[in-house]
Amino acid sequence: MKLTYRVEDGVRLGTLLWEFGPGWRMISSAMLGGGIGPRSWVLNAQVVAGYARMDPVEHLLSLGPDGDGVGMMTAASVDGVVRAEDGGVETFATVGLRVPTWAAAPEGTEDPELAPMRVGTVNIVTVVPVAMTDAALVNTVMTVTEAKSQALIEAGFPCTGTASDAVCVAVRSEGPQELFGGPRSEWGARAARAVHAAVRSGAEAWRPRDFK
């Protein structure tokens, strides 16, 4: 993982880059490189609060290296990234909770985080050193999300996340494929504990000063 800085609109912003190289497959909800497929890098770029550019994919591409990768955005300070490890699974989380949100909110509930554009505020990158089937990848995303919500609630935030969180799970392309990624499977349990630890730590350390 490499942390660099750039200046946009007069604001100093951080960018995290993980360069995996060949041999990795990823599942992600990110705007850039989302879905399931071979990917060689992951980018988590801090942007200004109230991000209003209408070309976020092109913006992310301009910040990342060549090749296929995953690009996420957040208004949280990425230099506060938290890393946790469990049984060979690594998780990295950037946590911003300016607008904590319940997933099942009443219809018509206004969320200021959605205007003018969705910008991920709890971004999670989880690296699992084995191969997985597509179904197991989806299962692992469920597990990561459940562990995130558990950590936020335990940290005292009345939410399941924010309205624009993003996740990326990276696994090996080759080797015997794991069939399961649920919280009681071998690798799912490890991912859950790593995510829980990282998000819990990030949530407890979060302060509104991340948004100026």
Side-chain angles (χ1 to χ4, degrees), residues 1 15-47 51 53-76 78 81 89-96 101 103 113-114 117-149 160-183 185 187-188 190-192 194-195 198-199:
M1 178 186 69
T15 302
L16 296 172
L17 176 64
W18 292 262
E19 295 185 277
F20 289 85
W24 292 88
R25 207 161 69 99
M26 302 183 190
I27 181 171
S28 179
S29 64
M31 288 183 290
L32 173 63
I36 300 176
R39 306 285 187 267
S40 60
W41 51 267
V42 178
L43 185 79
N44 188 9
Q46 181 185 355
V47 297
Y51 182 82
R53 286 183 59 158
M54 300 306 294
D55 61 343
V57 173
E58 289 75 13
H59 188 190
L60 287 165
L61 283 169
S62 73
L63 298 175
D66 294 334
D68 294 323
V70 170
M72 301 182 285
M73 290 180 171
T74 179
V78 298
V81 63
V89 175
E90 285 187 289
T91 285
F92 303 85
T94 54
V95 179
T101 304
E113 191 176 29
L114 299 185
M117 181 171 288
R118 299 184 179 187
V119 179
T121 51
V122 180
N123 285 346
I124 297 171
V125 177
T126 296
V127 184
V128 185
V130 295
M132 287 186 165
T133 64
D134 285 357
L137 281 172
V138 175
N139 204 179
T140 304
V141 169
M142 292 171 57
T143 299
V144 166
T145 304
E146 290 167 357
K148 175 199 70 176
S149 296
T160 50
T162 80
S164 50
D165 295 348
V167 61
C168 177
V169 176
V171 300
R172 290 290 187 179
S173 298
E174 303 296 330
Q177 290 188 324
E178 296 292 322
L179 301 178
F180 306 104
S185 66
W187 291 101
R190 294 172 180 177
V195 169
V199 175

Tell me every residue that passes salt bridge (charged side-chain N to carboxylate O under 4.0 Å, His left out) with Glu178, counting only those two or more places apart in sequence or in another chain. none
Evaluate the side chain to side chain contact (heavy atoms under 4.5 Å, CB included) criterion for residues Thr160 and Thr101: first the C-alpha distance (whole Å), next the side-chain angles of each, then the deciding distance (0.1 Å), finally the verdict. CA-CA 6 Å; Thr160 50; Thr101 304; 5.9 Å; no
Roughly how far, to the nearest 0.5 Å, is the [atom2] atom of [Y] from the [atom1] atom of [X]?
{"X": "Gln177", "Y": "Leu137", "atom1": "CD", "atom2": "CG", "value": "8.5 Å"}
{"X": "Met73", "Y": "Thr15", "atom1": "CE", "atom2": "OG1", "value": "9.5 Å"}
{"X": "Thr94", "Y": "Asn123", "atom1": "OG1", "atom2": "CG", "value": "4.5 Å"}

Quick one: closest heavy-atom pair of [X] and [Y], and the distance?
{"X": "Val171", "Y": "Val130", "result": "CB-O, 3.1 Å"}
{"X": "Asp66", "Y": "Trp41", "result": "O-NE1, 3.1 Å"}
{"X": "Gly71", "Y": "Leu60", "result": "O-CD1, 3.4 Å"}
{"X": "Val70", "Y": "Ala30", "result": "CG1-CB, 3.7 Å"}
{"X": "Asp68", "Y": "Pro38", "result": "CB-O, 4.0 Å"}
{"X": "Ile124", "Y": "Ala93", "result": "CG1-CB, 4.3 Å"}

Side chains of Leu43 and Leu63, heavy atoms from C-beta outward: is any pair under 4.5 Å?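 Yes, their side chains come closer than 4.5 Å.
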Let me check something: any side-chain donor-acceptor pairs from residues 16-27 under 3.5 Å, sequence neighbours excluded? List them with distances.
from: Arg25; atom 1: NH1; to: Asp134; atom 2: OD1; distance (Å): 2.7
from: Arg25; atom 1: NH2; to: Met132; atom 2: O; distance (Å): 2.5
from: Arg25; atom 1: NH2; to: Asp134; atom 2: OD1; distance (Å): 3.3

Between [X] and [Y] (side chain of the first, backbone of the second, donor and acceptor by atom type, cut-off under 3.5 Å), is there such a pair?
{"X": "Trp187", "Y": "Val89", "value": "no"}
{"X": "Ser62", "Y": "His59", "value": "yes"}
{"X": "Asn139", "Y": "Gly182", "value": "yes"}

Taking atom CD of Glu174 as the centre, report whether more than 12 heavy atoms of other residues, nucleotides or ligands fall under 6.0 Å from it.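 Not buried by this count: 12 neighbours or fewer within 6.0 Å.
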Is there a side chain to side chain contact (heavy atoms under 4.5 Å, CB included) between Met72 and Val42? Walk through the geometry before answering. CA-CA 8 Å; Met72 301 182 285; Val42 178; 4.1 Å; yes
Taking only residues two or more places apart in sequence, or in another chain, which ones meet Ser29 in a side chain to side chain contact (heavy atoms under 4.5 Å, CB included)? Ala166, Val167
